[in-house]
There are 2 protein chains.
Amino acid sequence: MVVRSLEHPERDAITIDGVLSALADPVRRSIVSQLADGHSEQACIAFDLPVTKSTSTHHFRVLREAGVITQRYRGTAIHNGLRREDLDWRFPGLLDSVLMAG
Amino acid sequence: MVVRSLEHPERDAITIDGVLSALADPVRRSIVSQLADGHSEQACIAFDLPVTKSTSTHHFRVLREAGVITQRYRGTAIHNGLRREDLDWRFPGLLDSVLMAG
DNA sequence: GCCGTAGTACGTTAGATGTCGTAGTACGAT
DNA sequence: ATCGTACTACGACATCTAACGTACTACGGC
């Protein structure tokens with residue numbers, strides 16, 4: 001059995017470039033919106049997205065590597081969470097303004 | 001002589017997708033930073049950018065079409081301005097948080 | 001063990017994007 | 001009218017990216 005761990009950038013290592021690029025995609029903003037809207041700690045499959053599963057994997061990965069979300073294995077599923085505090089600490093107001101925009 | 005006018009989106013027509021995509025590029029964020037930092041109403045050539053003039057034209061156009069900046073002819077030059085109020089009205093806090101990020 | 005579920009890996013494809021150079025236009029100054 | 005400056009248009013190129021399908025792995029339940 002392999003230890004299944006997923007790499008997350010440290011709080012300090014989150015870049016504005018990564019975050020803005022990640023949030024510049026409508027599918028990924030939809031993920032972030034749903035996370036902010038109570039879907040926290042849900043599996044990837046629980047999100048309502050207009051793309052196939054493999055494309056969805058890609059988007060979750062981009063968000064994680066940019067430092068926008070956390071992903072932790074729990075059985076076969078993954079718990080996704082928004083890195084609110086880290087984002088607010090790094091770029092105050094950014095997440096809120098994007099979430100407000102719908 | 002042709003009337004040289006440049007198309008700008010109406011305030012209402014500015015989209016979060018356009019703005020985030022525009023700001024997701026480091027060269028364009030540099031333009032926005034310099035505009036916010038006193039370079040307002042300067043010609044394109046007055047900006048310190050690590051790209052050629054034709055590439056610079058491209059980036060200014062992307063920013064204008066996204067509704068982030070204004071561009072008006074004045075002689076052979078162009079006056080560039082940040083659409084602070086429009087952006088604040090449309091997506092409160094977004095511009096400030098990006099500018100704070102450096 | 002076997003199956004189903006959740007997600008990944010990989011290759012492919014089509015389209016977008018950043019970059020450049022060259023050639024051209026519009027305007028002001030001389 | 002001629003020239004220089006500021007910017008644009010256009011084509012070329014390389015890279016990136018979003019999307020997909022198929023095949024695969026990891027885990028839980030039976």
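Below, each value reflects all heavy atoms present in this structure, side chains not excepted, and no hydrogens, waters or symmetry copies.
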K.L.:
Looking at every strand, decide which applies to A/R74 at a 4.0 Å heavy-atom threshold: base, sugar-phosphate, or nothing.
P.N.:
nothing
K.L.:
To the nearest angstrom, how far is A/R72 atom CZ from C/dG7 atom C1'?
P.N.:
17 Å
K.L.:
In whole angstroms, how far is the P atom of C/dG7 from the CZ atom of A/F47?
P.N.:
10 Å
K.L.:
Does A/T52 put a side-chain nitrogen or oxygen below 4.0 Å from OP1 or OP2 of D/dA19?
P.N.:
no
K.L.:
Do B/R72 and B/H79 pair up side chain to side chain, a donor and an acceptor below 3.5 Å, judged on atom types alone?
P.N.:
no
K.L.:
Rounded to the Å, how far apart are A/I31 CD1 and D/dA18 C1'?
P.N.:
13 Å
K.L.:
Is the phosphate of C/dC20, meaning OP1 or OP2, less than 4.0 Å from a side-chain N or O of B/T55?
P.N.:
yes
K.L.:
Looking at the base of D/dG21, is there any donor atom on it, or on the side chain of A/S54, that sits under 3.5 Å from an acceptor on the other one?
P.N.:
yes
K.L.:
Does D/dC7 have its OP1 or OP2 closer than 4.0 Å to a side-chain nitrogen or oxygen of B/R4?
P.N.:
no
K.L.:
Please step through side-chain contact (heavy atoms from CB on, under 4.5 Å) for the pair A/I16 and A/L94, ending with a clear verdict.
P.N.:
CA-CA 10 Å; A/I16 187 68; A/L94 180 58; 3.8 Å; yes
K.L.:
Could you point out which residue of B/Q71, B/Q42, B/R64 forms a side chain to side chain donor-acceptor pair (under 3.5 Å) with B/N80?
P.N.:
B/Q71
K.L.:
Can you check whether A/T57 has a side-chain N or O nearer than 4.0 Å to OP1 or OP2 of C/dT8?
P.N.:
yes
K.L.:
Do A/L82 and A/F47 sit in one hydrophobic cluster, given that two such residues count as connected whenever their side-chain heavy atoms are within less than 4.5 Å of each other, even indirectly?
P.N.:
yes
K.L.:
What does A/Y73 touch in the nucleic acid at a heavy-atom separation under 4.0 angstrom: a base, only the sugar-phosphate, or nothing?
P.N.:
sugar-phosphate
K.L.:
Please work out if B/H59 contacts a base, only the sugar-phosphate, or nothing of the nucleic acid, heavy-atom cut-off 4.0 Å.
P.N.:
sugar-phosphate
K.L.:
State which of D/dA19, C/dT19, C/dG7 makes the closest approach to the side chain of B/V27.
P.N.:
C/dT19
K.L.:
Choose from D/dC7, C/dT5, C/dG7 the nucleotide whose nearest atom is closest to any side-chain atom of A/T76.
P.N.:
C/dT5
K.L.:
Using atom CZ of B/R61 as one end and atom C1' of C/dG18 as the other, report the distance to the nearest whole Å.
P.N.:
14 Å
